[in-house]
Engineer: 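Below are the structure tokens for one structure; questions will follow.
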Amino acid sequence: MPGVAVKLYSVFFKLLLKHRLQNLISISSSSDKDGLPDSFGVSTRSDESVAAANPSFTDGVATKDIHIDPMTSLTVRIFLPESALSPPEPDSVSRHKDTYHNRSDRRHSYGPNQNSPAPAERNESRRNSYGCNNENLETYGGYAPSAKRSSRKLPVMLQFHGGGWVSGSSDSAANDFFCRRIAKVCDVIVLAVGYRLAPENRYPAAFEDGVKVLHWLGKQANLADCCKSLGNRRVNGVEVKKLNVQGQIVDAFGASMVEPWLAAHADPSRCVLLGVSCGGNIADYVARKAVEAGKLLEPVKVVAQVLMYPFFIGNNPTQSEIKLANSYFYDKPVSVLAWKLFLPEKEFDFDHPAANPLAHNRSGPPLKLMPPTLTVVAEHDWMRDRAIAYSEELRKVNVDSPVLEYKDAVHEFATLDMLLKTPQAQACAEDIAIWVKKYISIRGHEFSY
């Protein structure tokens with residue numbers, strides 16, 4: 001059973017969350033009456049603790065925030081691990097493998113088994129090989145890719161935070177800590193998505209924001225290629241008129257900014273989606289849209305997804321939804337309030353495709369085309385059974401979809417602020433890394449677990 005501290009914290013957490021949700025419901029009702037929808041929205045709450053971006057590798061990861069859509073509040077926080085500046089350690093794979101097999105704090109898994117860096121250099125030139133102006137980055141001591149340094153390409157992971165649709169953010173202190181950990185143990189560039197929150201923006205805003213970031217990543221990769229190909233004045237059939245000093249490609253369609261960290265270090269052909277709680281619902285939706293888009297997304301390719309205790313629900317309750325309805329932190333009554341704030345009133349239904357991945361009205365590609373999916377569940381989470389059922393349906397159509405269930409664990413046991421530094425949270429991150437590396441490792445470095 002969870003400890004006394006967790007139980008007490010859970011009581012206060014649920015009281016505060018219920019109070020917040022009820023306030024948002026009343027505010028939302030008055031806004032609906034006034035007919036004042038705000039498409040720009042909000043991606044963070046003023047009363048939540050946030051961590052400032054730090055573009056230097058003070059703890060092995062540099063971060064920066066980017067507002068990627070001028071029409072909405074959609075943002076991303078980039079987490080760049082310092083390992084991007086140096087080759088990987090040759091024994092890192094075997095060390096992670098041993099760590100996985102010796103894990104004792106995971107209850108069990110479902111499904112078949114499948115097979116100190118150098119400091120950043122100052123850029124001596126004001127412009128790097130991608131045509132980007134580094135002066136602003138250098139002014140405040142941030143990392144800027146250098147044309148003189150051979151760059152290492154890392155996989156990209158899109159991360160969608162939790163918070164019951166109405167809270168949380170890409171730059172919250174807890175999410176910042178979690179993403180730094182994932183960037184280091186998985187050796188990936190993490191893009192934490194600051195999607196629009198409800199009730200200011202209900203479904204499908206958060207889902208559309210997730211897809212928009214995926215397309216933005218592809219655009220960044222194409223812009224980086226354009227910068228490299230400026231000797232050829234026509235790139236992909238578009239005449240490039242000039243490259244200005246701010247690192248913008250200017251064509252007949254206007255200016256586009258190249259993101260230097262992604263241009264130097266990102267490999268979008270090895271893209272992983274990771275969703276936490278309600279973020280898992282978003283990740284699964286984005287995965288479906290990526291399958292539907294196919295080659296239209298190139299060079300982006302979603303090779304796997306990780307669903308951490310997804311926020312699934314349905315009209316026909318599962319055994320865990322009955323027995324654990326009053327479980328820790330996000331119990332069922334509180335979660336129902338969150339769904340009322342997220343789904344439009346006319347669409348409110350627990351078998352809505354956003355809520356139930358196995359609903360009869362689910363659209364999109366067949367399950368057999370979904371990417372490999374790792375599902376993380378907690379023993380004391382009322383949502384666990386539906387997540388396991390989804391994983392079982394994927395395995396029936398030969399999708400690699402193991403389930404990792406953690407004993408004595410609660411919803412958000414690896415991402416909630418007070419639980420982030422527990423051994424179980426660290427173990428979960430390492431287990432995720434072991435599985436993810438099957439799909440993002442360069443050929444010749446794969447391993448089975």
Side-chain angles (χ1 to χ4, degrees), residues 1-14 16-17 44-45 47-54 58-63 77-81 96 99-100 103-107 157-164 167-188 190-194 274-280 283 306-311 327-330 374-381 383 404-436:
M1 294 290 290
V4 175
V6 172
K7 293 178 180 178
L8 290 175
Y9 186 71
S10 174
V11 172
F12 288 109
F13 181 92
K14 287 195 285 187
L16 292 174
L17 181 58
T44 186
R45 300 291 180 193
D47 58 346
E48 294 183 345
S49 174
V50 298
N54 186 347
T58 53
D59 63 347
V61 179
T63 62
R77 172 164 287 190
I78 303 177
F79 294 81
L80 178 68
H96 280 295
T99 300
Y100 182 89
R103 182 75 60 237
S104 61
D105 43 9
R106 186 179 61 252
R107 184 180 184 184
M157 177 180 285
L158 267 60
Q159 187 264 356
F160 304 94
H161 65 80
S167 61
S169 67
S170 59
D171 60 354
S172 70
N175 199 65
D176 184 86
F177 186 98
F178 173 73
C179 288
R180 286 176 181 274
R181 171 181 282 168
I182 288 294
K184 287 187 279 190
V185 299
C186 293
D187 200 21
V188 296
V190 176
L191 299 185
V193 180
L274 184 149
V276 175
S277 189
C278 64
V306 180
L307 308 181
M308 299 182 68
Y309 22 82
F311 210 62
S327 56
Y328 305 94
F329 298 104
Y330 288 90
L374 173 66
T375 303
V376 174
V377 297
E379 180 182 6
H380 298 289
D381 183 4
M383 307 179 209
L404 300 181
E405 181 180 7
Y406 292 79
K407 64 181 181 179
D408 294 332
V410 299
H411 190 79
E412 289 223 46
F413 71 91
T415 46
L416 201 63
D417 50 4
M418 79 161 295
L419 303 175
L420 275 169
K421 297 184 180 180
T422 62
Q424 201 171 43
Q426 177 66 34
C428 180
E430 293 174 359
D431 288 346
I432 289 172
I434 297 300
W435 184 82
V436 163

Engineer: Specify the closest pair of heavy atoms between Ala192 and Ser170, including all atoms of both residues, with the distance to one decimal.
Structural biologist: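 Scanning both residues completely, I find the closest heavy atoms to be O-CB, 3.4 Å.
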
Engineer: Using only atom types and a distance under 3.5 Å, with no angle test, would you say the side chain of Arg77 pairs donor to acceptor with the backbone of Asn175?
Structural biologist: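 Checking the backbone N and O of Asn175 against the side chain of Arg77, no donor-acceptor pair under 3.5 Å is found.
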
Engineer: Hey, does Arg180 have a side-chain heavy atom less than 4.5 Å from the side chain of Thr63?
Structural biologist: yes

Engineer: Report yes if the side chains of Leu419 and Val6 come closer than 4.5 Å at any heavy-atom pair, otherwise no.
Structural biologist: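 Of all side-chain heavy-atom pairs linking Val6 with Leu419, at least one is under 4.5 Å.
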
Engineer: Is there a side-chain contact between Tyr330 and Met383, using heavy atoms and a 4.5 Å cut-off?
Structural biologist: yes

Engineer: Between His411 and Phe311, what is the ring plane arrangement, given parallel below 30°, perpendicular above 60°, and tilted in between?
Structural biologist: tilted

Engineer: Just by modelled atom types, is the Lys407 backbone N or O under 3.5 Å from a matching donor or acceptor in the Gln424 side chain?
Structural biologist: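 Looks like yes, one N/O pair under 3.5 Å.
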
Engineer: Take Thr415 and His161 through the side chain to side chain contact (heavy atoms under 4.5 Å, CB included) test and state the conclusion after the steps.
Structural biologist: CA-CA 9 Å; Thr415 46; His161 65 80; over 6 Å; no

Engineer: If we ignore hydrogens and angles and just use 3.5 Å, is the side chain of Ser167 paired with the main-chain N or O of Gly163 as donor and acceptor?
Structural biologist: yes

Engineer: Closest approach of Gly164 and Cys278, non-hydrogen atoms and distance?
Structural biologist: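 Reported closest heavy-atom pair: N-SG, 3.6 Å.
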
Engineer: Given 3.5 Å as the limit, does a donor-acceptor pair link the side chain of Glu430 with the main chain of Val185, or not?
Structural biologist: no

Engineer: Distance check, rounded to the nearest 0.5 Å: Tyr406 atom OH versus Asp431 atom CG?
Structural biologist: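 Here the rounded value is 3.5 Å.
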
Engineer: Is it true that a side-chain atom of Glu405 and a backbone atom of Val377 form a donor plus acceptor pair closer than 3.5 Å?
Structural biologist: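 Between the backbone of Val377 and the side chain of Glu405 there is no qualifying donor-acceptor contact (under 3.5 Å).
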
Engineer: When you compare the side chain of Val276 with that of Tyr309, does any pair of heavy atoms fall below 4.5 Å?
Structural biologist: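 Contact flag for Tyr309/Val276 side chains = yes.
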
Engineer: Would you give the length of the straight line joining atom CD1 of Ile434 to atom CG of Leu374, rounded to the nearest 0.5 angstrom?
Structural biologist: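 One gets 11.5 Å once the value is rounded to the nearest 0.5 Å.
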
Engineer: With rounding to the nearest 0.5 angstrom, report the CZ to CD1 distance, Phe177 to Ile182.
Structural biologist: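 Answer rounded to 0.5 Å: 11.0 Å.
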
Engineer: Are the side chains of Asp381 and Phe329 in contact, using a 4.5 Å heavy-atom criterion?
Structural biologist: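 No - every pair of side-chain heavy atoms lies 4.5 Å or more apart.
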
Engineer: Check the side chains of Asp417 and Tyr9 for a donor-acceptor pair under 3.5 angstrom, ignoring hydrogens and angles.
Structural biologist: yes

Engineer: For Gln159 and Phe79: C-alpha separation, side-chain torsions, deciding distance, then whether side chain to side chain contact (heavy atoms under 4.5 Å, CB included) applies.
Structural biologist: CA-CA 10 Å; Gln159 187 264 356; Phe79 294 81; over 6 Å; no

Engineer: Nearest 0.5 Å, what's the CG-SG distance between Leu420 and Cys428?
Structural biologist: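 Between Leu420 CG and Cys428 SG, I get 11.0 Å after rounding to 0.5 Å.
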
Engineer: Between Met308 and Phe178, is there a side-chain heavy-atom distance shorter than 4.5 Å?
Structural biologist: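 The answer is yes, as the side chains (C-beta and beyond) meet within the 4.5 Å cut-off.
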
Engineer: Quick one, Trp435 with Leu404, criterion side chain to side chain contact (heavy atoms under 4.5 Å, CB included). Give me CA distance, side-chain angles, the key distance, then yes/no.
Structural biologist: CA-CA 11 Å; Trp435 184 82; Leu404 300 181; over 6 Å; no

Engineer: Would you mind reporting whether Val376 and Phe413 have side-chain heavy atoms less than 4.5 Å apart?
Structural biologist: yes

Engineer: As an exercise, state the distance from OG of Ser277 to CG of Leu307, rounded to the nearest 0.5 Å.
Structural biologist: 11.5 Å

Engineer: To the nearest 0.5 Å, what is the distance between CD (Glu379) and CG (Asp408)?
Structural biologist: 5.5 Å

